[in-house]
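Written below as structure tokens is the structure these notes are about.
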Amino acid sequence: MTNVDMNETLNTESKLHQSRFLKACRREPTDRTPIWLMRQAGRYMAEYRAIRAKHSMLEVIQNPQLAAEVTLQPINAFDLDAAIIFSDILPPLMGMGLELDFVKGVGPQLGRCIESPADVEKLTIPKAEDCMGPTLEAIRLVRQELEPRGVPLIGFAGAPFTLACYSIQGGGSKMYEKAKRFMFTYPEAWSQLMHKLVDVVADYLIQQAKSGASALQVFDSWAGVLSAADYVRFIQPYNTRLFQLVQSASVPLINFSTGTSTHLDEVTKCGGDVIGVDWRMPIGKAWEMVGHNHAIQGNLDPTALLGPWEELQLQVDRILDDVGDRPGHIFNLGHGILPPTPIETVKRLAEYVHERTG
Ligand code: CP3
């Protein structure tokens with residue numbers, strides 16, 4: 001590398017470090033509130049649907065060029081402050097010995113799922129480079145593209161509990177009653193399963209940071225199916241270990257869950273620099289519960305993007321007023337963006353959040 005190249009690299013790295021999103025993760029003041037949207041690459045975008053018309057979900061995930069392209073689609077279309085790598089939380093389970101398929105109109109389905117303690121015994125603990133190589137490569141490609149533009153890339157993984165739910169239930173569910181029955185009936189096998197998932201997820205997250213992710217989000221989407229007391233018994237020890245292990249990646253960690261408003265203090269104890277919250281609680285109250293020594297991410301109701309602009313504006317204003325000018329707020333939805341969301345609304349939302357906070 002020549003001196004000129006070296007300086008160039010240092011400049012683009014510092015641009016990234018000084019980005020609104022990463023500053024907010026560190027609770028430093030920003031010129032405007034950063035915004036990105038969970039599931040921002042997806043079916044609500046025509047560009048995404050065009051790629052999915054030609055390739056299955058797993059093909060897109062397993063092809064680094066396609067995954068990189070889809071990751072960049074919302075960044076090129078809207079004024080968003082961070083990208084999130086295109087993949088899903090479930091593919092690492094294939095590396096452990098389960099079968100995964102995304103079925104149109106049904107959602108993800110897992111074959112050879114876990115029914116007995118013996119099935120847990122059989123699960124392997126693959127290295128991320130062996131089971132998630134294409135996603136790590138996609139991260140390298142996106143980083144090359146986005147670093148000069150000063151846009152950070154978020155890596156992610158499912159939390160052990162949410163992955164355990166899918167592994168036992170075999171697919172999505174309202175109550176995850178099969179998974180919970182297993183958890184209550186076989187506490188030792190449950191613990192073994194969660195430990196194995198922690199090992200797989202920790203290595204995967206660390207490798208994502210090494211490949212170029214500037215922050216990492218853990219999705220515990222279904223943590224809310226447990227009571228507060230059971231959260232402490234069956235999730236907290238494992239998430240705590242996960243966040244401890246992943247600290248070695250030296251990037252900001254986002255701890256996201258839904259349905260956990262009653263015990264956000266216990267969620268926060270697990271770890272994470274940023275706590276991601278759903279829309280059920282006013283964000284100011286949530287931040288108080290989390291503690292102002294953490295950054296907060298959220299928490300617009302995703303269905304508000306389906307209604308008229310005036311209603312959406314009211315809800316955005318409510319969130320921004322509630323947060324006030326305390327540094328450390330990352331604007332986001334309280335859960336993933338919905339497929340019928342109009343493109344114009346997403347564009348207007350990102351612009352409005354920046355305008356109102358500038
Ligand atoms: O842009 C991004 O945010 C990155 C991509 C991303 C996807 N899934 C792509 C996807 C991320 C971060 C996820 C995480 C994920 N996947 C979670 C956690 C977040 C959440 O929403 O709770 C969960 C629970 C899953 C599991 C999953 N994958 C479900 C339940 C479904 C079916 C529901 C649906 O929206 O179709 C998927 C499929 C999926 N993952 C799609 C996308 C774009 C739709 C696939 C398609 O038909 O093209």
Side-chain angles (χ1 to χ4, degrees), residues 36-78 80 82-112 124 126-149 151-158 162-163 166-167 171-172 200-201 203-219 221 249 336-337 339 343 346:
W36 69 279
L37 304 173
M38 284 185 279
R39 298 272 196 109
Q40 64 193 19
R43 283 166 301 187
Y44 74 104
M45 293 188 77
E47 299 93 313
Y48 174 82
R49 291 195 303 271
I51 289 195
R52 283 282 285 103
K54 285 188 257 162
H55 305 275
S56 73
M57 177 73 179
L58 279 172
E59 273 169 14
V60 181
I61 292 175
Q62 286 165 351
N63 179 322
Q65 279 76 25
L66 286 178
E69 186 181 336
V70 171
T71 301
L72 294 170
Q73 285 173 347
I75 302 303
N76 294 333
F78 315 113
L80 296 168
I84 178 162
I85 192 65
F86 187 81
S87 181
D88 195 79
I89 59 167
L90 301 172
L93 295 175
M94 291 194 284
M96 298 178 77
L98 304 184
E99 284 166 357
L100 171 63
D101 196 10
F102 290 92
V103 182
K104 199 174 158 59
V106 179
Q109 293 293 304
L110 288 143
R112 275 192 274 151
T124 57
K127 287 273 158 229
E129 58 197 87
D130 296 328
C131 70
M132 295 303 293
T135 300
L136 299 178
E137 179 57 20
I139 290 175
R140 286 181 208 107
L141 295 175
V142 175
R143 168 87 182 214
Q144 270 174 22
E145 177 70 27
L146 288 186
E147 188 177 302
R149 291 159 66 175
V151 180
L153 174 65
I154 302 167
F156 73 90
T162 293
L163 294 176
Y166 280 105
S167 313
V200 171
V201 168
D203 176 57
Y204 179 38
L205 287 169
I206 292 165
Q207 293 311 318
Q208 290 184 66
K210 282 195 179 148
S211 304
S214 294
L216 298 167
Q217 174 155 324
V218 175
F219 284 91
S221 302
I337 193 166
I343 289 290
V346 177

Qualifying residues under side chain to side chain donor-acceptor pair (under 3.5 Å), relative to [X], sequence neighbours excluded:
X: Y204; answer: none
X: D130; answer: none
X: Q208; answer: none
X: S167; answer: none

Any side-chain heavy atom of C131 within less than 4.5 Å of one from M94?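 No, side chains not in contact.
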
Just verifying a value: how many Å separate [X] [atom1] and [Y] [atom2], rounded to the nearest 0.5 Å?
X: I84; Y: L37; atom1: CD1; atom2: CG; value: 10.5 Å
X: M57; Y: D88; atom1: CE; atom2: CG; value: 4.5 Å
X: M38; Y: S221; atom1: CE; atom2: OG; value: 8.0 Å
X: L153; Y: S214; atom1: CG; atom2: OG; value: 7.0 Å
X: Y166; Y: L90; atom1: OH; atom2: CG; value: 6.0 Å
X: L136; Y: E129; atom1: CG; atom2: CD; value: 8.0 Å

What pairs with F78 under ring-ring contact (aromatic ring centres under 6.0 Å, His included), at least two apart in sequence or on another chain?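 Residues passing ring-ring contact (aromatic ring centres under 6.0 Å, His included) with F78: none at all.
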
Residues which pass ring-ring contact (aromatic ring centres under 6.0 Å, His included) with F219, listed by chain and number, not counting sequence neighbours: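 Partners of F219 under the ring-ring contact (aromatic ring centres under 6.0 Å, His included) test: F156, F256.
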
Pairing residues for S56 by the side-chain contact (heavy atoms from CB on, under 4.5 Å) criterion, not counting sequence neighbours: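 By the side-chain contact (heavy atoms from CB on, under 4.5 Å) rule, S56 matches L58, E59.
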
List the residues meeting side-chain contact (heavy atoms from CB on, under 4.5 Å) with E137, not counting sequence neighbours, and say none if there are none.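 With neighbours one apart ignored, the set is P64, R140, L141.
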
If I compare all heavy atoms of [X] with all of [Y], which pair ends up nearest, and what's the gap?
X: V218; Y: G158; answer: CG1-C, 4.4 Å
X: Y44; Y: I343; answer: O-CD1, 3.6 Å
X: V200; Y: P92; answer: CG1-CB, 4.3 Å
X: A83; Y: L146; answer: CB-CD1, 3.6 Å
X: Q40; Y: A82; answer: NE2-O, 3.0 Å
X: I85; Y: I139; answer: CG1-CG1, 3.6 Å

Would you say the side-chain atoms of D203 pair up with the backbone N or O of K127, donor to acceptor, closer than 3.5 Å?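 Judged by distance alone, no pair lies under 3.5 Å.
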
Between T71 (side chain) and F86 (backbone), is there a donor-acceptor pair under 3.5 Å?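 Yes, T71 side chain to F86 backbone: donor-acceptor pair under 3.5 Å.
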
Please lay out, stage by stage, how Q73 and I51 fare under the test side chain to side chain contact (heavy atoms under 4.5 Å, CB included). CA-CA 11 Å; Q73 285 173 347; I51 289 195; 3.7 Å; yes

Residue pairs involving residues 39-53 (criterion salt bridge (charged side-chain N to carboxylate O under 4.0 Å, His left out); sequence neighbours excluded):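 Every pair satisfying salt bridge (charged side-chain N to carboxylate O under 4.0 Å, His left out) with a residue in residues 39-53: there are none.
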
Set of salt bridge (Lys or Arg N to Asp or Glu O under 4.0 Å) partners for E147, sequence neighbours left out: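 Checked E147 against salt bridge (Lys or Arg N to Asp or Glu O under 4.0 Å); matches are R143.
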
For a quick test of your reading: what N or O donor-acceptor pairs under 3.5 Å do the side chains of residues 95-112 make, sequence neighbours left out?
residue: E99; atom: OE2; partner: R112; partner atom: NE; Å: 3.1
residue: E99; atom: OE2; partner: R112; partner atom: NH2; Å: 3.3
residue: R112; atom: NH1; partner: G97; partner atom: O; Å: 3.1

Just do the side chain to side chain contact (heavy atoms under 4.5 Å, CB included) check on R149 and I75 with the steps written out, would you? CA-CA 11 Å; R149 291 159 66 175; I75 302 303; 3.8 Å; yes

Would you sort out whether L66 and E69 count as a side chain to side chain contact (heavy atoms under 4.5 Å, CB included), showing the intermediate values? CA-CA 5 Å; L66 286 178; E69 186 181 336; 4.2 Å; yes

